[in-house]
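The structure appears right after this line, and notes come after that.
Bear in mind that the values here come from a model prediction, so they are computed numbers and not experimental data.
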Amino acid sequence: MLDIQRIREDFPILDHQIYGKPLIYFDNSATTQKPREVVEKIESGYYNVNANIHRGVHFLSQAATEAHEEARRTVQAFLNARSSNEIIFTRGTTESINLVSSTFADACMSAGDEVIVSVMEHHSNIVPWQIQAARKGIALKVIPMNERGELDMEAYRGLFSERTRLVSVAHVSNVLGTINPVRELTAIAHEHGVPVLVDGAQAIPHLKVDVQDIDAEFYVFSGHKVYGPTGIGVLYGKEEWLDRLPPYQGGGEMIATVSFEKTTFNELPFKFEAGTPDYIGSTALAEALRYVDRLGMDQIAAYEDDLLRYATERLEKIEGTRIFGKAARKGAVISFLVGTIHHYDMGMLLDRLGIAVRTGHHCAQPLMHALGIEGTVRASFSFYNTKEEIDAFVAGVERVRKMF
């Protein structure tokens, strides 16, 4: 069992008051709060081992280099990747997907080729492919979903053709909370000889992820979603695929030799890490991963599922409430509307009660169109949230409903 009150002491921001009310932070799908040791790791890095990495022979450079590469090994272990060469540091999920979409399209696609995505994708897993569609003449095919917000697997099987080159799909929907069967999705794609990219931004904070078990060629996530700093993320790629793809950016570090006649590129993982990396961010991300690892991903998942079920039961008792996304396997996210109350109005009024929720289309406008709505209120939970906070949240929603 998790000691929630003890855990909350690690997150000073949770003691804040908003408009004279205790902060209730239910916007964890957008970004998570940071434990003390992650912030202290950033401070320690700048104060004690700040020097550009990989290029210096002096002590500080060597120390910073080792800390950065140790962080890479920590990510490797967290994901159960085969090699640290398969871990590429990026600025986040969005850059990771853009890296794959750009390099994969250049190396492996031509006009008329197809990428399969799903109806519930975040814009960061739609727009990069649309850019390649305009640039290369490729086409997007979309996996539909059923009324519960689960992917239609039979329809998915029917989308493959001889021109399908990649499947790119979210592990967990940031709106519906649906946990997609990424292992099965990958296995079906592999039957057709098609590689897979999984957007793990919403899965990494909540589920144990084993990239060898999933078997997708690429898996991406952001540090700030998993209690780490902003501006740092990860692209996992199977080594044979990363070897096949061309560099994404040119500059220092990603080269082996440079002359005015020719440049040769560095080995993995450095081929994809042009310029000075965020070596402070990488070490802080590793600290965040160690933090959640100590708590235990299975314990986190069980506790957050309990919060989800409790909040769902309480919200469903409020007159006029519609919850979007009722998959059998679901993460700790509730997207909802109450009567005809606009999601923005609900969010603004809850904020006056100290309750932070997200409102709008959640960077998933095609999904909103499929649902026939403009947006929702989204409450997303973490292991530092409590049932008492959910009670206050539900009371706040009911208070707003009565106002309208």
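In this structure, Tyr384 has its ring center closer than 6.0 angstrom to the ring center of Phe11.
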Please step through side-chain hydrogen bond (donor to acceptor under 3.5 Å, both in side chains) for the pair His192 and Thr164, ending with a clear verdict.
CA-CA 9 Å; His192 299 271; Thr164 305; over 6 Å; no
Set out, in order, the CA-CA distance, both residues' side-chain angles and the distance that settles salt bridge (Lys or Arg N to Asp or Glu O under 4.0 Å) for Arg244 and Glu217, then state yes or no.
CA-CA 12 Å; Arg244 288 178 60 179; Glu217 281 63 32; over 6 Å; no
Take Asp113 and Lys136, measure what salt bridge (Lys or Arg N to Asp or Glu O under 4.0 Å) needs, and give me the verdict at the end.
CA-CA 9 Å; Asp113 286 343; Lys136 300 276 291 189; over 6 Å; no
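Side-chain contact of Thr31 with His224: a donor-acceptor pair under 3.5 Å is present, judged by distance alone. Side-chain atoms of Ser173 and Thr178 form no donor-acceptor pair, as typed in the model, at a separation below 3.5 Å. A donor atom on one side chain and an acceptor atom on the other are not found under 3.5 Å apart for Ser83 and Glu86. With no hydrogens or angles considered, no side-chain donor-acceptor pair links Ser382 and Thr32 at under 3.5 Å. At a cut-off of 3.5 Å, with distance as the only test, no side-chain donor of Asn28 or Ser380 sits close to an acceptor on the other residue. A donor atom on one side chain and an acceptor atom on the other are not found under 3.5 Å apart for His361 and Glu374. At a cut-off of 3.5 Å, with distance as the only test, a side-chain donor of Asn50 or Tyr279 sits close to an acceptor on the other residue.
For the pair Lys387 and Tyr310, the distance from NZ or CZ to the six-membered ring centre is under 6.0 Å and the angle to the ring normal is within 45 degrees.
Under the 3.5 Å distance criterion, the side-chain polar atoms of Asn385 are matched with a main-chain donor or acceptor of Tyr25. In this structure, Glu316 contributes its side chain and Glu313 its backbone to no donor-acceptor pair below 3.5 Å.
Using a cutoff of 4.0 Å between basic side-chain nitrogens and carboxylate oxygens, Asp106 and Arg135 are scored as salt-bridged. One finds no salt bridge joining Asp15 and Arg8 here, because no Lys/Arg side-chain nitrogen approaches an Asp/Glu carboxylate oxygen to under 4.0 Å. Contact check on Arg72 versus Glu273 returns a salt bridge, with a Lys/Arg side-chain nitrogen under 4.0 Å from an Asp/Glu carboxylate oxygen. Asp215 and Arg183 are not joined by a salt bridge, as no carboxylate oxygen comes within less than 4.0 angstrom of a charged side-chain nitrogen. Using a cut-off of 4.0 Å between Lys/Arg side-chain N and Asp/Glu carboxylate O, Lys238 and Glu240 are scored as not salt-bridged. Using a cut-off of 4.0 Å between Lys/Arg side-chain N and Asp/Glu carboxylate O, Glu398 and Lys317 are scored as not salt-bridged. The existence of a salt bridge linking Glu304 and Arg309 is excluded, since no basic side-chain nitrogen approaches an acidic carboxylate oxygen closer than 4.0 Å.
Using a 30° and 60° split on the angle between ring planes, His68 and Phe89 fall in the tilted class, from 30° to 60°.
Between Phe221 and Asp199, the closest side-chain pair of non-hydrogen atoms is not below 4.5 Å. Annotation: side chain of Ile97 is in contact with side chain of Trp129 (closest heavy-atom distance under 4.5 Å). Counting only heavy atoms from C-beta outward, the side chains of Leu268 and Glu239 approach each other to under 4.5 Å. Counting heavy atoms from C-beta outward, Leu207 and Ile204 have side chains that stay 4.5 Å or more apart. Side chains of Phe26 and Ile24 form a contact here, defined as non-hydrogen atoms less than 4.5 Å apart.
Annotation: Lys141, atom NZ; neighbour count of heavy atoms from other residues, nucleotides and ligands within 6.0 Å is above 12.
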